[in-house]
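One structure is given here, and the rest of the page talks about it.
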Amino acid sequence: MGVLLRAQGVSKSFGGVQALREISLSIDQGEIYGLIGPNGAGKTTFFNALTGLYSCDRGEFEFDGKPLKVRAPHEVARAGIARTFQNIRLFANMTALENVMVGRHLRTRAGVIGAVLRDRATRAEEQAIEVRARELLDYVGIAGRANDLARHLAYGDQRRLEIARALATEPRLLALDEPAAGMNATETASLRDLIEALRRDGITILLIEHDVRLVMGLCDRVAVLDYGEKIAEDVPEKVQKDAKVIEAYLGGSLA
Amino acid sequence: MDIFIQQIINGLVLGSIYALVALGYTMVYGIMGLINFAHGEVVMIGALTSLSIIKLLAGTSLPGPVVVLIGLAGAIPVCMALGFTIERVAYRPLRAAPRLAPLITAIGVSIVLQQVGMLIWGRNYHAFPGLLPTTPRHILGAQITDLQVLIVVLAALIMAALILLVNTTRIGRAMRATAENPDIAGLMGVDVNQIISITFVIGSALAAVAGVMVSANYSIAHYYMGFILGLKAFTAAVLGGIGNMGGAMLGGVLLGLIESLGAGYIGDLTGGFLGSNYQDVFAFFVLILVLVFRPSGLMGEKLAERA
Amino acid sequence: MRMNLPAFARDPRFSWVGMVLVAVALVALPFVVGGGFGNSWMRVVDSALLYIMLSLGLNIVVGFAGLLDLGYIAFYAVGAYLYALLASPQFGLHLPFWVILPLGAAVAGMFGVILGAPTLRLRGDYLAIVTLGFGEIVRIFLNNLDAPVNVTNGPQGIAQIDPVRIGGAALSKSQQWFGLTVPSVYLYYYLFVVLTLLVIFVTVRLEDSRIGRAWVAIREDEVAAKACGIDTRNIKLLAFAMGASFGGLSGGLFAGFQQFVSPESFSLLESIMVLCMVVLGGMGHIPGVILGGVLLAVLPEVLRSGAGIWQRALFGKILIDPESLRMLLFGLALIAVMLYRPAGLWPEARRRREMAAAGEAPGKRA
C-alpha cells in the first residue's frame with residue numbers, strides 16, 4: 001500500500017502562539033490514522049491547515065503523490081479530502097437529504113441553464129444526486145430521517161449526517177474531527193462499526209479523537225501532538241508506552 | 001496651501017460630528033449586532049428640538065451661548081427618551097428573530113420619525129439663529145470660528161469621557177461583557193436588557209449633541225437632515241471597523257477629512273473631469289477600497305474563520 | 001424546497017383547473033381593476049409587477065444566498081438607463097426592445113460581477129454598506145454625467161424614450177382588439193405579466209437545483225459549504241449576477257413603460273423598499289416575496305388615495321398632510337408586521353419552524 005497523504009514540515013502560528021511546529025507525517029492508503037493530544041495541542045489546527053481553512057506559514061501537503069498546490073477549501077475537497085467538524089456544522093434549515101445532496105455539488109455539473117431548462121441530462125443528474133444521497137443516508141443508518149430538518153436530528157444522528165455529507169463528495173481521505181465527542185457508549189460503539197465499514201470500503205481515515213479507548217482500538221497508527229509538535233507516531237501499543245506521551249497526558253488517561 | 005489647511009479644518013469639524021454620530025451606531029452594533037437605521041433621525045429630532053427651544057428663548061435677554069446651551073440641555077433628554085423607547089418598542093421584541101427583521105423595523109422607525117419630524121416642524125428649512133460667535137480667527141492663512149473650535153473640543157471631551165466610562169466603570173465593564181457575549185454576561189449577573197437600554201440612551205445623547213452641532217455649524221436644520229448624516233456616520237463607523245469605538249472616532253474624523261479634501265481637490269485630481277459634486281463618490285470609493293484591503297475596517301479585529 | 005401543498009392540490013386535475021383559473025384571472029384583471037377603479041390603478045398594478053420582478057431578483061441574493069445587498073436598485077438603474085440611451089433621441093439611437101432588454105439584463109449582470117468580485121469576501125453588514133455605497137455611486141454618476149460629455153443628461157433625466165413596440169404596434173397607444181379598445185396600461189400589463197411569470201419560472205427552477213442548494217448552503221453555513229467542495233466565491237458571484245440581471249430586465253421595462261428616466265427613481269430609498277418587500281413577504285420563499293412585492297407596491301398607493309378621503313370622512317377636514325400620513329402609516333405597518341411576524345408574512349414552512357424553535361435568549365445574535 002502506498003502513501004496517500006504526506007505532510008512535510010507544516011507550521012502555523014497565530015500571533016505569538018506557535019500552533020503547529022514542523023509537523024511531518026504520512027498516512028498510508030487504507031489505514032485508520034489517529035491524531036491525539038491534549039486540548040490545545042494543535043489537532044484541529046492541523047485539520048484546518050490540511051483542508052484549506054487556514055493557510056500554513058511553512059510546509060506542504062502531498063496527496064496521492066501530487067502536491068496540493070491550490071489550497072482553497074473546495075479545491076482540497078475536489079482533490080479527494082473530506083472532513084467533518086468538531087462542533088458539527090450542518091446546514092441547519094435544510095433536510096437531511098438536502099444536506100447530503102449539497103455534498104454531491106462537487107461531483108455534478110448542472111449550471112444555471114440546465115437548472116432552468118431542466119433538460120434530460122440535468123434531470124438525470126438530479127435523480128442520480130438524490131439516489132446517491134439516499135444511499136448514503138442508508139449507509140450511515142439514518143435513512144428514516146431523510147426529510148427531517150438537520151437541526152431537528154438527534155445529536156448522534158447529526159454526527160452521522162455530517163459523515164454522510166462528507167462521503168457524498170467521494171473522498172479518498174475522510175478526516176473526522178472528534179466524531180465521538182458527546183456520544184454515549186452505545187452511540188460510540190456503533191460509530192466505531194461505521195468507521196470500520198468505511199475502511200472496508202476503501203476509504204482512508206484520519207481521526208482526531210479524545211476517546212482514547214476508541215482511538216487505540218480502532219487505529220492502525222497514532223500520532224501524538226503536544227504544544228504543536230509531534231512527539232510520537234507509532235502503532236497504538238507502542239504509543240501508549242511512550243514516555244513523552246505519558247508525560248504529556250500527565251500519565252493519567254492513557255493507562 | 002491655505003486651501004489645504006482650510007479643508008483640513010473643515011474636515012476636522014465635520015469629522016468630529018460624524019464621529020459622535022458614528023459612536024451611536026457602533027455601540028449599538030457592538031452590543032446587539034444591529035444596524036440602528038433610525039439613529040440618523042434621532043440626530044434630526046435633537047437638532048430640531050433644540051432649535052425650537054432656542055427660538056423660544058431668542059427674544060429674551062439671555063446671552064446667545066446660554067440660550068444654545070439650554071437648547072442643547074432640552075434636546076438631550078428628549079433624544080434619550082426617544083432612543084430608549086425605540087429600543088423597547090422596535091428592537092427588544094425581536095432579539096431572537098431572524099437578523100433582518102430588526103433591520104426592517106429600524107427602517108420603519110426611521111420613516112415614522114421622519115414623518116413625525118415633518119408634521120411637527122414642517123417641510124421648510126429652518127435657519128439656526130446666529131447666537132454663537134462666528135468671528136473668524138486666522139491661522140496659517142485659513143479661517144476658523146470659535147464655534148468650530150468649540151465643536152472639535154467638545155466632541156473630543158465627550159469622546160474622552162465615553163472612553164473613560166467604558167473602560168473604567170462598572171457599567172462600562174458590563175457593556176464590554178455584553179458586547180463580547182450577551183448570554184454569558186447574563187449568566188454572570190449582568191442585566192443585559194438594562195445595559196442595552198443604557199447603550200441606546202448614551203448613543204442618543206451623543207446624537208442630540210451632534211444634531212445641535214451640525215445645525216449650528218451649517219446654520220440650518222431640516223426634517224430630512226438625519227438621513228444623509230446617518231448614512232455618512234454609519235459609513236464612518238464601518239470604515240473604522242464597526243463595533244469598535246476607537247474605530248468610530250477614527251473613521252468619523254477620516255471621513256470628514258476625506259470628504260472636505262476630496263471636495264477641494266477632486267477637480268484637480270481628475271483634470272476637471274469630476275467636480276466637487278462627486279464628493280460623496282469619493283467618500284464611498286475610499287470606503288470600498290479600505291474594505292477590500294482590510295475587510296473588517298481600519299481598527300476592526302481580524303476575523304479569523306472559526307472552524 | 002418544494003412547496004407543501006395540501007393533498008387535493010397535488011391532484012393533476014386540480015392543478016389543470018387551477019392553472020386555467022389563474023390564467024383567466026390574470027387576463028381579466030385589467031378589465032376589473034381598470035374598469036372598476038380607473039386606469040391610474042392599472043398603472044399601480046403595472047408598477048407592482050415591476051416590483052415583483054425586482055424583489056424576486058433581490059431574493060436570490062438576500063433570501064437564497066443570504067447576502068445583504070442595500071444597493072440593489074443600481075442594477076435597476078443600469079437596465080433603465082441602458083434602455084433610455086439606446087432608444088431615445090439622446091444619442092439618436094432607436095434599437096428595438098427585444099434587443100435592449102436582454103442586453104440590459106446582461107450588462108446589469110456584468111455590473112453585479114464587477115461589484116461582487118472584490119467585495120464578496122466581506123461579511124454580513126460590511127457587504128451591506130459596500131453595496132449601499134455602490135448604489136449611491138451609480139446614482140451620483142447618473143446625476144452628474146451631463147458634463148463634460150452629456151451622457152445621462154444629469155438630474156433632468158432622459159425623456160422621449162421609445163415605448164415598447166411589438167409587431168409595429170407601440171404599447172404606449174391603445175389598441176383595438178376584436179372591437180375592444182385596450183388602453184396602453186393594459187398592454188403593458190400583459191407584457192409585464194408574461195415576463196413576471198418567466199422570472200418566477202426561472203427562480204423556482206433555480207431554487208430547486210444544484211445551484212439553488214449551493215446558495216442556501218452558503219446562507220446556512222459558509223465554512224461547511226466550502227468544505228463540501230462548493231466554490232463559494234463563484235456561487236455567490238452567480239447569485240449577484242442573476243439577481244442583478246433581473247434588476248436590469250425590470251429596469252429596461254420601467255424605462256420603456258415610463259418613457260422617462262431620471263436619477264431620482266433610483267435612490268437608496270428604493271433599494272430599501274425592495275429589501276422590505278423581500279423581508280416582509282418572507283425571505284427566501286418565492287410566494288411570500290411576491291406577496292411582499294404586491295403589498296408594498298399597492299399599499300402606499302391605497303394610503304395615498306385614502307389618506308385624504310378618510311380624514312374628511314372622519315373629522316370633516318384634513319388634519320394631517322395626506323402625503324405625510326401615508327408614509328407614517330407605511331412606517332408603522334413595517335414595524336407592526338415585523339413585530340408580529342418576524343419571519344415575514346408568508347415564510348417558508350421550514351423558517352416558520354425555525355422561528356417556533358428559536359429560544360428567548362436575550363441579546364442573541366441571530
Side-chain angles (χ1 to χ4, degrees), chain B residues 29 31-33 35 37 89-90 93-105 107-116 118-119 178 182-183 185-186 192-193 195-196 227 231 234-235 238 242 272-275 277-278 280-281 283-285 287-288 291-292 295-297 303 305-307, chain C residues 62 68 118-119 121-130 132-134 136-137 140-141 143-144 147-148 222-223 227 268-269 272 275-276 278-280 283 320-321 324-328 330-339 341-344 351 354-355 358-366:
Chain B
Y29 190 92
I31 287 199
M32 300 174 68
I35 304 176
F37 242 93
V89 173
L94 291 174
R95 295 257 180 84
R99 203 171 57 91
L100 289 185
L103 186 71
I104 301 297
T105 54
I107 292 168
V109 171
S110 172
I111 293 174
V112 168
L113 288 181
Q114 239 176 55
Q115 297 310 320
V116 168
M118 205 198 83
L119 289 173
T178 309
D183 296 338
V192 173
N193 282 331
I195 291 300
I196 289 176
F227 185 72
L231 193 61
F234 178 57
T235 306
V238 174
I242 191 147
F273 179 69
L274 301 177
N277 36 10
Y278 284 95
D280 292 347
V281 171
F284 284 121
F285 191 71
L287 173 82
I288 293 177
L291 287 185
V292 166
S296 309
L303 291 168
E305 196 80 69
R306 255 177 282 169
Chain C
V62 180
L68 181 51
T119 57
R121 68 199 186 103
L122 297 175
R123 308 162 132 263
D125 300 318
Y126 287 91
L127 183 66
I129 185 76
V130 166
L132 185 155
F134 173 77
E136 286 298 284
I137 288 176
I140 293 167
F141 268 96
N143 234 327
N144 293 294
E222 194 172 339
V223 172
L268 175 60
L269 209 64
I272 288 174
L275 181 69
C276 287
V278 173
V279 179
L280 199 89
M283 234 180 21
I320 301 178
D321 172 18
S324 188
L325 182 63
R326 160 180 102 99
M327 285 309 285
L328 196 65
F330 178 68
L332 288 173
L334 284 185
I335 300 171
V337 170
M338 280 295 112
L339 286 183
R341 298 194 64 95
R351 279 201 167 256
E354 176 190 353
M355 280 311 296
E360 294 272 307
K364 186 181 158 204
R365 278 173 225 190

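For the numbers below, each heavy atom of this structure counts, side chains included, while hydrogens, waters and symmetry mates do not. The chains referred to below are lettered A, B, ... by the order of the sequence lines, with proteins before strands, and numbering in each begins at 1. None of these values were measured; they are calculated from a predicted model.
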Side chain, backbone, both or neither: which part of B/Leu103 has a heavy atom under 4.5 Å from chain C?
side chain
Looking only at atom types and distance, does a side-chain atom of C/Arg121 sit under 3.5 Å from a main-chain N or O of B/Val292, one as donor and one as acceptor?
yes
Please determine, among C/Leu132, C/Val337, C/Leu269, the option with the most heavy-atom pairs under 4.5 Å with chain B.
C/Leu132
What part of C/Val62 gets within 4.5 angstrom of chain B, counting heavy atoms only: side chain, backbone, both, or neither?
side chain
Would C/Ile272 and B/Phe37 count as a side-chain contact (heavy atoms from CB on, under 4.5 Å) here? Give the steps.
CA-CA 11 Å; C/Ile272 288 174; B/Phe37 242 93; 4.0 Å; yes
Do other residues, nucleotides or ligands put more than 12 heavy atoms under 6.0 Å from B/Phe227 CZ?
yes
When every non-hydrogen atom of B/Ile111 is compared with those of C/Met327, the smallest separation belongs to CG2-O, 3.3 Å
Can you tell which of B/Ala90, B/Pro93, B/Gly108, B/Ser110 has the highest number of heavy-atom pairs within less than 4.5 Å of chain C?
B/Gly108
Is C/Tyr126 reaching over with its side chain to a backbone N or O of B/Ile242, donor-acceptor style, under 3.5 angstrom?
yes
Taking every non-hydrogen pair under 4.5 Å, which of C/Ile129, C/Ile137, C/Val279, C/Leu334 racks up the most with chain B?
C/Ile129
So for C/Leu127, is it side chain, backbone, both, or neither that comes closer than 4.5 Å to the heavy atoms of chain B?
neither
Could you look at B/Leu291 and say if it's the side chain, the backbone, both or neither that has a heavy atom under 4.5 Å from chain C?
both
Heavy-atom proximity to chain C below 4.5 Å, by part of B/Leu100
both
Residue C/Leu325 versus chain B: region with a heavy atom under 4.5 Å
neither
For C/Ser324, check side-chain hydrogen bond (donor to acceptor under 3.5 Å, both in side chains) against everything at least two apart and list the hits.
B/Gln115
Not counting sequence neighbours, which residues clear side-chain hydrogen bond (donor to acceptor under 3.5 Å, both in side chains) with C/Asn144? List them please.
B/Asn277
